[in-house]
Amino acid sequence: LLNNFTVDGRLVNSGIYTLRMNQGSFAGTGDVDMYGIAFATFSSNSFSGDMDVDHFSNEGATLFLTSLLNIRDTLDLSSGSLFLNTGALLQMMDNSTLRMDDGSMSIGTGGAFTTQAYNVLYVGASKTSGIEFNGSMIRNLTVDLDNDNQTLSLASGVIVSGDLDF
């Protein structure tokens, strides 16, 4: 049984509640303005409307974005992958945080990643940086890996305008 949740109108929540997609597809062409949305391993995203969220979490799914996604607080890539496909625009709002654990993020042809000054937090095992260092808009960079044997490799240069915390 495959579940689908389609939003062709407007979906708004006024509290600190999270829509959790455990399985099935989040779809539609409407507008979403929520505190949080989380995608588990057996879920997918084909939503092509505008999305404004405080917390967006990927916990293992392979997600393809094709529209506007504004992150007001935290983009949490615990696991899985986030692919910015044609038409996608990911915007990290001022002082928001991108949390990189075992997840990944990449840009395809026609996708875009724009930012205001935001924070990057690395946790978990060793990793190599990616598109999260898009331009010089990193406010604070925190590296809190599992232990002293873990490393962070920078794939490109980065300018940090605030705190650098290891």
Side-chain angles (χ1 to χ4, degrees), residues 1-125 127-135 137-140 142 155:
L1 176 65
L2 184 61
N3 300 312
N4 291 304
F5 182 61
T6 301
V7 177
D8 285 329
R10 184 158 168 78
L11 176 64
V12 177
N13 76 351
S14 59
I16 54 170
Y17 304 103
T18 297
L19 169 62
R20 182 167 175 76
M21 296 295 298
N22 290 313
Q23 65 178 5
S25 178
F26 183 67
T29 59
D31 293 312
V32 172
D33 187 351
M34 301 186 65
Y35 174 78
I37 186 165
F39 291 90
T41 302
F42 298 111
S43 62
S44 64
N45 176 52
S46 62
F47 184 75
S48 61
D50 293 342
M51 198 180 314
D52 294 285
V53 296
D54 289 341
H55 296 271
F56 186 99
S57 179
N58 188 2
E59 301 165 356
T62 299
L63 300 176
F64 296 92
L65 294 183
T66 59
S67 61
L68 174 65
L69 173 58
N70 289 321
I71 304 294
R72 295 182 294 235
D73 189 279
T74 305
L75 172 57
D76 185 358
L77 300 176
S78 295
S79 187
S81 59
L82 181 63
F83 185 73
L84 306 179
N85 213 347
T86 301
L89 176 58
L90 172 62
Q91 296 189 120
M92 299 296 294
M93 306 311 279
D94 188 49
N95 209 31
S96 60
T97 299
L98 173 56
R99 183 181 181 276
M100 298 292 292
D101 193 350
D102 287 332
S104 66
M105 184 169 57
S106 59
I107 295 180
T109 304
F113 176 47
T114 64
T115 65
Q116 298 176 26
Y118 71 108
N119 309 304
V120 176
L121 168 63
Y122 288 102
V123 297
K127 54 189 56 59
T128 300
S129 67
I131 65 169
E132 61 272 17
F133 291 150
N134 184 30
M137 300 300 289
I138 305 300
R139 176 170 285 141
N140 300 310
T142 302

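Taking 4.5 Å as the limit, some side-chain heavy atom of Ile71 sits within range of a side-chain heavy atom of Val53. Counting only heavy atoms from C-beta outward, the side chains of Phe113 and Met92 approach each other to under 4.5 Å. Considering only heavy atoms from C-beta on, Ile37 stays 4.5 Å or farther from Val32 through its side chain. With contacts defined as side-chain heavy-atom distances shorter than 4.5 Å, the pair His55/Thr18 does not qualify. Using a 4.5 Å cut-off on side-chain heavy atoms (C-beta onward), Phe56 and Leu90 make no contact.
Residue pairs meeting the salt bridge (Lys or Arg N to Asp or Glu O under 4.0 Å) criterion with at least one partner in residues 79-94, sequence neighbours excluded, are Asp94-Arg139.
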Show me, pair by pair, the donor-acceptor contacts under 3.5 angstrom made by side chains of residues 61-69, not counting sequence neighbours?
residue	atom	partner	partner atom	Å
Ser67	OG	Gly49	O	2.6

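Note: Asn4 CG to Gln23 CD = 10.0 Å, rounded to the nearest 0.5 Å. Taking CG of Leu75 as the reference point, atom CG of Leu98 lies at 5.0 Å (rounded to 0.5 Å). Rounding to the nearest 0.5 Å gives a distance of 11.0 Å between CG of Asn3 and OG of Ser43. Expressed to the nearest 0.5 Å, how far CG of Asn58 lies from CG of Asp101 amounts to 11.5 Å. One distance of note links CG of Leu84 with CD1 of Ile131; it measures 5.0 Å at 0.5 Å rounding. For the atom pair CG (Leu77) and CE (Met105), the distance works out to 6.0 Å, reported to the nearest 0.5 Å.
With Arg72 as reference, Asp33 is the one residue of Asp52, Asp33, Asn95 to meet the side chain to side chain donor-acceptor pair (under 3.5 Å) rule.
Scored by the salt bridge (Lys or Arg N to Asp or Glu O under 4.0 Å) test, Glu132 finds no partners at all (sequence neighbours excluded).
The minimum heavy-atom distance linking Ser44 with Phe39 is given by the pair O-CE2, 3.7 Å. In this structure, Glu59 and Thr41 approach most closely via the heavy-atom pair O-OG1, 3.6 Å. The shortest heavy-atom contact between Val123 and Lys127 is O-NZ, 2.6 Å.
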Checklist line | Derivation of the side chain to side chain contact (heavy atoms under 4.5 Å, CB included) call for Tyr118 and Ile138 | finding: CA-CA 5 Å; Tyr118 71 108; Ile138 305 300; 3.6 Å; yes
Next item on the list: Run the numbers on Ser78 and Asp76 for side-chain hydrogen bond (donor to acceptor under 3.5 Å, both in side chains), then give the verdict.
Entry: CA-CA 6 Å; Ser78 295; Asp76 185 358; 3.1 Å; yes
Checklist line | Chi angles and distances behind the side chain to side chain contact (heavy atoms under 4.5 Å, CB included) call for Asp73, Tyr35 | finding: CA-CA 9 Å; Asp73 189 279; Tyr35 174 78; over 6 Å; no
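Remark: the backbone N or O of Thr109 is paired with a side-chain donor or acceptor of Thr86 at under 3.5 angstrom. Between the side chain of Ser106 and the main chain of Phe83, no donor-acceptor pair closer than 3.5 Å is present.
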